[in-house]
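Below is one structure, written out as structure tokens; comments come after it.
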Amino acid sequence: MGWKRITALLLAALAGCGLTGCGGRMDPDEAQESIQVIAMDTAMVLTAYGEKSTRAVYDAEEEVRRLDALLSRTSGDSEISMLNDAGGEMVTVGEEVCGLIQTAGEFTEATGGTFDITIAPVVSAWGFTTDSYQVPDQETLRTLLEHVGMEHVHLSGGSARLDPGTMIDLGGIAKGYTADRVAEIFQEHGVPRGKVELGGNILVIGDKPDGTAWRVGVQDPKRPDEADGLVCVLDLTDAFAVTSGSYQRYFEQDGKRYHHIIDPATGCPADSGLTSVTVMADSTLGNGTMCDALSTALFVMGEDKALDFWRSGVYDFQLVLVTEDDRVVVTEGLKDDFAELEESGYTYEYVS
Ligand code: AMP
Ligand code: MG
């Protein structure tokens with residue numbers, strides 16, 4: 001056995017004990033830190049590699065907590081709650097929240113109103129903010145819908161004002177924005193590879209330590225509680241992937257399921273024939289927010305309109321749609337990075 005081999009074994013043993021230094025250095029790329037964070041109503045896993053991986057994940061955790069406190073609708077002292085509770089008065093909310101509201105408004109415009117943060121009072125009427133679920137009557141919904149629409153939101157500098165009766169809910173975009181911020185922090189720390197899971201919002205940086213792409217599974221909406229209940233697996237590098245699904249949050253009443261993605265046109269859970277929408281884009285900053293807004297909007301649109309929107313080319317992204325009639329519809333840009341799962345029971349269609 002040569003000295004090189006002995007040294008390699010020794011280093012491997014040291015690394016295995018979590019030790020570094022003492023006569024050798026681990027490949028800096030292979031240092032790894034992974035933490036779990038419960039925030040934004042979801043379980044998150046932040047994993048980074050590289051010399052500064054520990055700093056990177058803990059700075060990212062701090063940022064996740066800061067954004068949770070800033071953007072939450074349910075914590076009374078967040079800027080969003082202050083705005084929602086202001087009864088039509090102007091509130092100083094700061095540039096960041098103003099910027100995010102502005103961005104949300106641009107997605108409302110681009111998606112024909114299917115993504116709309118002013119859906120908040122309707123989300124509450126269904127009980128999704130308090131967990132005391134109920135089916136609101138048509139008259140209640142009709143009245144609430146009068147206050148839905150971005151024309152009821154007024155921004156000026158670092159201040160904002162909502163018309164009386166209007167409220168905002170950033171739940172459809174907050175995790176995507178957070179993913180963008182985590183990507184930025186990882187970039188600042190020179191993280192060469194990593195994976196960030198913020199509920200259904202995933203960010204992968206670089207490739208895996210073994211040089212292959214990160215494998216990201218799309219959950220089977222019919223088997224959300226099974227770890228291997230997937231409809232397909234995607235090979236991704238430097239990408240955001242965001243899923244919106246009717247299985248993620250719902251309640252059942254009189255044998256009917258009511259989920260949390262509301263069609264602003266009706267005030268009811270979107271009944272679009274889809275059970276999930278996954279939007280993927282490269283890891284350019286801003287795309288985390290985009291993927292999140294679009295996954296919600298395209299769920300509301302349904303298959304045909306979602307594909308037309310994709311074909312319009314206004315935004316650069318790829319899609320996996322899962323339908324109620326057991327089809328998985330995949331846009332062509334994913335074809336080479338997409339693995340069907342034979343045992344899933346779904347049929348696969350590739351569209352261009
Ligand atoms: P997501 O999981 O990203 O699809 O976001 C769903 C969450 O966004 C819901 O829990 C609501 O808080 C909010 N929401 C529901 N419907 C809409 C909609 N049409 N546009 C924007 N936000 C919505
Ligand atoms: Mg979303």
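Order of appearance sets the numbers: ligands from 1, and atoms from 1 within every ligand.
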- Message: To check your reading of the model: name the closest protein heavy atom to atom 1 (P) of ligand 1, its residue, and the distance in Å.
- Response: Thr296 OG1, 3.3 Å
- Task: Salt-bridge test for Arg66 and Glu61: reply yes if a basic N is under 4.0 Å from a carboxylate O, no otherwise.
- Result: no
- Query: Which of the numbered atoms in ligand 1 are below 4.0 angstrom from a heavy atom of Phe115?
  - Reply: 20 (N), 21 (C)
- Query: Would Glu324 and Thr275 count as having a side-chain donor-acceptor pair, cut-off 3.5 Å?
  - Reply: no
- Task: Under 4.0 Å, heavy atoms only, figure out whether ligand 1 is touched by the backbone of Pro264, its side chain, both or neither.
- Result: side chain
- At the 4.0 Å heavy-atom cut-off, does His260 count as touching ligand 1? yes
- Note on the structure: For Phe115 and Gly172, the nearest pair of non-hydrogen atoms, with its separation, is CE1-O, 3.7 Å
- Salt bridge check: are Lys335 and Asp337 linked by an N-O gap of less than 4.0 Å? no
- Within a distance under 4.0 Å of any heavy atom of Thr114, pick out the atoms of ligand 1 and give their elements. 18 (C), 19 (N), 20 (N)
- Message: According to side-chain contact (heavy atoms from CB on, under 4.5 Å), who are the partners of Asp228, at least two apart in sequence or on a separate chain?
- Response: Glu226
- Note on the structure: For residues 109-131, the salt bridge (charged side-chain N to carboxylate O under 4.0 Å, His left out) pairs (sequence neighbours left out) are Asp131-Arg249
- Nearest to atom 16 (N) of ligand 1, what protein heavy atom do you find, and at what distance? Ile262 N, 3.0 Å
- Is any protein N, O or S atom closer than 2.8 Å to the Mg ion (ligand 2), and if so, which? Gly172 O, Asp292 O, Asp292 OD1, Thr296 OG1
- Task: Starting from atom 8 (O) of ligand 1, locate the nearest protein heavy atom and write down its residue, its atom name and how far away it is, to 0.1 Å.
- Result: Gly172 N, 3.1 Å
- Message: Applying side chain to side chain donor-acceptor pair (under 3.5 Å), can you list everything that pairs with Glu89, at least two apart in sequence or on another chain?
- Response: none
- Asp282 side chain to Asn287 side chain, donor-acceptor N/O pair below 3.5 angstrom: yes
- Query: So, Glu62 and Arg65, do they make that salt bridge, N to O below 4.0 Å?
  - Reply: no
- Note on the structure: among protein heavy atoms, the one nearest atom 12 (O) of ligand 1 is Asp169 OD2, 2.7 Å
- Is the shortest N/O to N/O distance between Asp116 and ligand 1 below 3.5 Å? yes
- Query: Quick one: do the Ser124 and Arg73 side chains pair a donor with an acceptor below 3.5 Å?
  - Reply: yes
- Query: Regarding Lys222 and the six-membered ring of Tyr346, is the cationic atom NZ or CZ under 6.0 Å from the ring centre and inside 45° of its axis?
  - Reply: yes
- Protein contact to atom 23 (C) of ligand 1 [nearest heavy atom, distance to 0.1 Å]: Ile119 CG2, 3.7 Å
